[in-house]
Visitor: 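Sending over a structure as structure tokens; questions will come in a sec.
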Amino acid sequence: MPLDVAAPLLGRPVTISGLGTYLPETVVTNDDLSRVLDTSDDWIRQRTGIRQRRIAPPGMSSSDLGIPAAIAALADAGLRPEQVDLVITATISPDQIMPATASRIAYEAGCVNAGAFDVLTGCTGFVYGLAAAAGAVAAGLYDNVLVVGAEVISRIIDQSDRSTAILFGDGAGAALVSPLESSSRKSESEGGPRGILGFDVGNDGAGGCCLSVPAGGSRMPASHETVDKHLHFMRMNGAEVYRFATRVVAVSAGRVLERCRMKVGDIDLFVPHQANIRIIDSAAAKLGLSPEKVYTNLQRYGNTSCASIPLCLSEARAEGRLKSGDLALLMGFGAGLTWGACLIEWSDG
Ligand code: ACO
């Protein structure tokens, strides 16, 4: 019998009480890439929807992007850093294997009372981190958990490999998870939004080889040979990942909707991981969602992996496309292969 991993959130109501983002300044357009790679703006736009991406300067690591995003999320929530109980960093481009990138982000953001750990579940990391945070806050284990998606993916991409170099961009986004009643928002009993409703998370380890950084861990330690063979860079079977993503999004979305007793028609905003516009369009069509209910920013940032969903949430809210009471479906997928869906009734102060 398959493990049932889709469940409505039990315990006290929880919500995202603050959002923050940080993007490096340097913009790299498709035309810039086509000057150094055998590719073109036309090909990249038509096959992916991406027009440009941000790239971090040399010396800047994922935590350097995550720290300002975390500080901005705390300011947005009106919370002091010492009130944070836990910092979870979701990333596929950690500063180092050890210590956790979250440790530096927590330290530099002033979260002196917080524990810290990293989530390494590919581009699904933000949703996994959100599920861990929401469950812990709902159960009363913690009051305030910061989930930071932080990526300098350009460091783990072979810039001479046109099949991956065109897809990814650097950036960070953070979300603070807190009890609904502690925010200034109207509580559920007063007829206000209910906050985070539930999750569906999953994993298919059989697809691990489709998307990986082969060397640098205990399975294939670093050596001259691994460096010579470029095995510290991301390897991707794009077609396989594409098939997986277009299949899993509708299935996982259906599961979380069913568990939370909601319908596709209730969704106000679909916030998918920003991998490829064709994956997003296909998933939206399978779900029966009209284009105006789908949020995308991959045109400007490319695939920012674990940062893509919090970046979208922050921009959607700023643009007035995510308002108090709106039902948002967040959907991540990536290396593992993993996937994760979250339903949230958005609550703004
Ligand atoms: N520029 C020009 N031509 C290219 C490029 C490029 N950048 N890349 C590949 N091509 C060529 C190929 O060589 C091929 O040429 P051929 O027909 O002469 O053999 C042709 O274009 C078609 O290549 P495909 O790989 O079939 O192109 P496809 O339409 O499948 O698009 C892509 C490739 C964009 C990678 C797509 O498969 C995809 O988006 N997959 C999902 C990737 C993804 O989302 N990864 C991240 C997951 S999240 C995480 O955890 C990191």
Side-chain angles (χ1 to χ4, degrees), residues 28-53 62 90-94 118-129 149-171 201-205 207-214 232-249 252 271-283 296-299 301-312 330-341:
V28 173
T29 65
N30 293 345
D31 283 334
D32 293 333
L33 289 180
S34 67
R35 281 190 273 279
V36 290
L37 283 172
D38 180 16
T39 189
S40 67
D41 176 49
D42 255 10
W43 193 96
I44 301 172
R45 268 192 293 114
Q46 281 172 23
R47 301 289 180 126
T48 71
I50 298 164
R51 290 167 184 264
Q52 60 183 49
R53 70 285 296 144
S62 294
T91 183
I92 63 166
S93 50
D118 287 356
V119 172
L120 303 169
T121 54
C123 300
T124 320
F126 180 78
V127 177
Y128 266 68
E151 302 283 13
V152 180
I153 310 176
S154 52
R155 302 281 184 267
I156 62 161
I157 296 296
D158 181 348
Q159 298 298 341
S160 66
D161 172 10
R162 69 176 182 174
S163 68
T164 50
I166 56 144
L167 295 175
F168 295 93
D170 302 333
V201 294
N203 170 61
D204 177 8
C209 54
C210 296
L211 193 49
S212 70
V213 176
H232 297 272
F233 292 124
M234 183 191 296
R235 293 281 173 98
M236 183 180 76
N237 180 337
E240 222 23 78
V241 175
Y242 188 95
R243 270 192 290 277
F244 153 74
T246 48
R247 191 182 67 243
V248 82
V249 172
S252 184
V271 183
H273 169 48
Q274 305 287 299
N276 183 319
I277 196 70
R278 292 186 294 143
I279 294 175
I280 293 172
D281 286 348
S282 148
T296 61
N297 63 14
L298 55 74
Q299 299 82 352
Y301 308 130
N303 179 347
T304 54
S305 186
C306 295
S308 77
I309 290 177
L311 276 168
C312 284
L330 321 184
M331 184 73 224
F333 52 87
L337 296 167
T338 56
W339 61 92

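In each ligand, atom 1 is the first atom listed, and ligand 1 is the first ligand listed.
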Visitor: Could you identify the single nearest non-hydrogen protein atom to atom 45 (N) of ligand 1 and state the distance to 0.1 Å?
Guide: Met236 SD, 3.2 Å
Visitor: Out of Arg162, Gln46, Gln274, indicate the one that has the non-hydrogen atom closest to atom 13 (O) of ligand 1.
Guide: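 Selected option, by shortest heavy-atom distance: Arg162.
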Visitor: Without swapping roles, check the side chain of Asn237 against the backbone of Cys209 for a donor-acceptor pair under 3.5 Å.
Guide: no
Visitor: Output yes when a side-chain donor or acceptor of Ser252 lies under 3.5 Å from a complementary backbone atom of Val249, and no otherwise.
Guide: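 No, Ser252 side chain to Val249 backbone: no donor-acceptor pair under 3.5 Å.
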Visitor: Of all the atoms in ligand 1, which lie at a distance below 4.0 Å from a heavy atom belonging to Gly334?
Guide: 48 (S), 49 (C), 50 (O)
Visitor: Within a distance of under 4.0 Å, is there any protein heavy atom near atom 15 (O) of ligand 1?
Guide: no
Visitor: Would you find a donor on one side and an acceptor on the other, under 3.5 Å apart, between the side chain of Arg53 and the backbone of Val28?
Guide: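 Looks like yes, one N/O pair under 3.5 Å.
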Visitor: Just to be sure I'm reading this right: ignoring hydrogens, which of Cys123, Ser212, Ser40 gets closest to atom 50 (O) of ligand 1? Compare them by their nearest heavy atoms.
Guide: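 Of the listed residues, Cys123 has the closest heavy atom.
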Visitor: Below 4.5 Å, heavy atoms only, C-beta onward: do Gln52 and Asp41 meet side chain to side chain?
Guide: no
Visitor: Looking at Ser62 and Val152, would you say the former's side chain and the latter's main chain have a donor-acceptor pair under 3.5 Å?
Guide: yes
Visitor: What I'd like to find out is whether the side chain of Tyr128 reaches to under 4.5 Å of the side chain of Asn203, using heavy atoms alone.
Guide: yes
Visitor: Is the shortest heavy-atom distance from the side chain of Ile279 to the side chain of Phe333 under 4.5 Å?
Guide: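 They are in contact (side-chain heavy atoms under 4.5 Å apart), so the answer is yes.
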Visitor: In ligand 1, which numbered atoms sit nearer than 4.0 Å to a non-hydrogen atom of Arg47?
Guide: 22 (C), 27 (O), 28 (P), 29 (O)
Visitor: Who gets closest to atom 37 (O) of ligand 1 by heavy atom: Ala275, Gly332, Gly238?
Guide: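 Among Ala275, Gly332, Gly238, the closest heavy atom to atom 37 (O) of ligand 1 belongs to Gly238.
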Visitor: Return the minimal non-hydrogen interatomic distance between Thr91 and Cys306, and the atom names on each side.
Guide: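 Heavy-atom minimum between the residues: N-SG, 3.5 Å.
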Visitor: Heavy atoms, side chains only, cut-off 4.5 Å: are Val127 and Ile309 in contact?
Guide: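 The answer is yes; the side chains approach within 4.5 Å.
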Visitor: I need the atoms of ligand 1 closer than 4.0 Å to a non-hydrogen atom of His273, numbered in the order shown.
Guide: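 Checking each atom against His273, I get 48 (S).
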Visitor: Give the atoms of ligand 1, by number and element, whose distance to some non-hydrogen atom of Phe333 is under 4.0 Å.
Guide: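 Close to Phe333: 48 (S).
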Visitor: Looking at atom 38 (C) of ligand 1, what's its closest protein heavy atom, distance included?
Guide: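 Looking only at protein heavy atoms, the one closest to atom 38 (C) of ligand 1 is Asn276 ND2, 3.6 Å.
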Visitor: Give the residue and atom name of whichever protein heavy atom lies nearest to atom 43 (C) of ligand 1, and the separation in Å to one decimal.
Guide: Val241 CG1, 3.7 Å
Visitor: Report the distance from atom CG of Asn303 to atom CG of Leu298, rounding to the nearest 0.5 Å.
Guide: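 Spacing of CG (Asn303) from CG (Leu298) equals 8.0 Å.
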Visitor: Counting both backbone and side chain atoms, is some N or O of Thr39 under 3.5 Å from an N or O of ligand 1?
Guide: yes
Visitor: Checking contacts now, so for atom 5 (C) of ligand 1, which I'm interested in, is there any protein heavy atom under 4.0 Å?
Guide: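 Neighbour list for atom 5 (C) of ligand 1 includes protein heavy atoms (cut-off 4.0 Å).
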Visitor: Could you identify the single nearest non-hydrogen protein atom to atom 46 (C) of ligand 1 and state the distance to 0.1 Å?
Guide: Asn303 ND2, 3.6 Å
Visitor: With Glu151, which of Ser308, Ser305, Cys123 fulfils side chain to side chain contact (heavy atoms under 4.5 Å, CB included)?
Guide: Ser305
Visitor: Within the side chain of Asn30, is there an N or O that forms a donor-acceptor pair under 3.5 Å with the backbone of Asp42?
Guide: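 Between the backbone of Asp42 and the side chain of Asn30 there is no qualifying donor-acceptor contact (under 3.5 Å).
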Visitor: For Arg162 and Leu37, indicate whether the former's side chain and the latter's backbone hold a donor-acceptor pair under 3.5 Å.
Guide: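 No.
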Visitor: Determine, counting only non-hydrogen atoms of the protein, whether one lies under 4.0 angstrom from atom 29 (O) of ligand 1.
Guide: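 Answer yes: something from the protein, a heavy atom, is under 4.0 Å.
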Visitor: Going by the atom numbers of ligand 1, which of them fall below 4.0 Å from some non-hydrogen atom of Arg278?
Guide: 28 (P), 29 (O), 31 (O)
Visitor: For atom 9 (C) of ligand 1, find the nearest protein heavy atom and state the residue, atom name and distance (0.1 Å precision).
Guide: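 Among all protein heavy atoms, the one nearest atom 9 (C) of ligand 1 is Trp43 CZ2, 3.5 Å.
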Visitor: Kindly state if atom 19 (O) of ligand 1 has a protein heavy atom within a strict 4.0 Å cut-off, that is, under 4.0 Å?
Guide: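 Given the 4.0 Å limit, the answer for atom 19 (O) of ligand 1 is no, no protein heavy atom qualifies.
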Visitor: Is atom 1 (N) of ligand 1 less than 4.0 angstrom from some protein heavy atom?
Guide: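 So far as the 4.0 Å threshold goes, atom 1 (N) of ligand 1 is in reach of a protein heavy atom.
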Visitor: Are the side chains of Tyr242 and Arg278 in contact, using a 4.5 Å heavy-atom criterion?
Guide: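 Contact flag for Arg278/Tyr242 side chains = yes.
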Visitor: So is Asp38 touching ligand 1 or not, going by heavy atoms under 4.0 Å?
Guide: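 Yes; Asp38 lies near enough to ligand 1 that a heavy-atom distance drops under 4.0 Å.
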Visitor: Within the 4.0 Å heavy-atom shell around Ala335, which atoms of ligand 1 are there?
Guide: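 Numbered from 1, ligand 1 contributes 49 (C), 50 (O).
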Visitor: Which atoms from ligand 1 have a heavy atom of Tyr242 less than 4.0 Å away?
Guide: 38 (C), 40 (N), 41 (C)
Visitor: Going by the atom numbers of ligand 1, which of them fall below 4.0 Å from some non-hydrogen atom of Thr48?
Guide: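 The atoms of ligand 1 under 4.0 Å from a heavy atom of Thr48 are 34 (C).
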Visitor: Quick one: does atom 25 (O) of ligand 1 have a protein heavy atom under 4.0 Å from it?
Guide: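 When distances to the protein are checked, atom 25 (O) of ligand 1 has no heavy atom within 4.0 Å.
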Visitor: Is there a protein heavy atom at a distance of less than 4.0 Å from atom 22 (C) of ligand 1?
Guide: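 True for atom 22 (C) of ligand 1.
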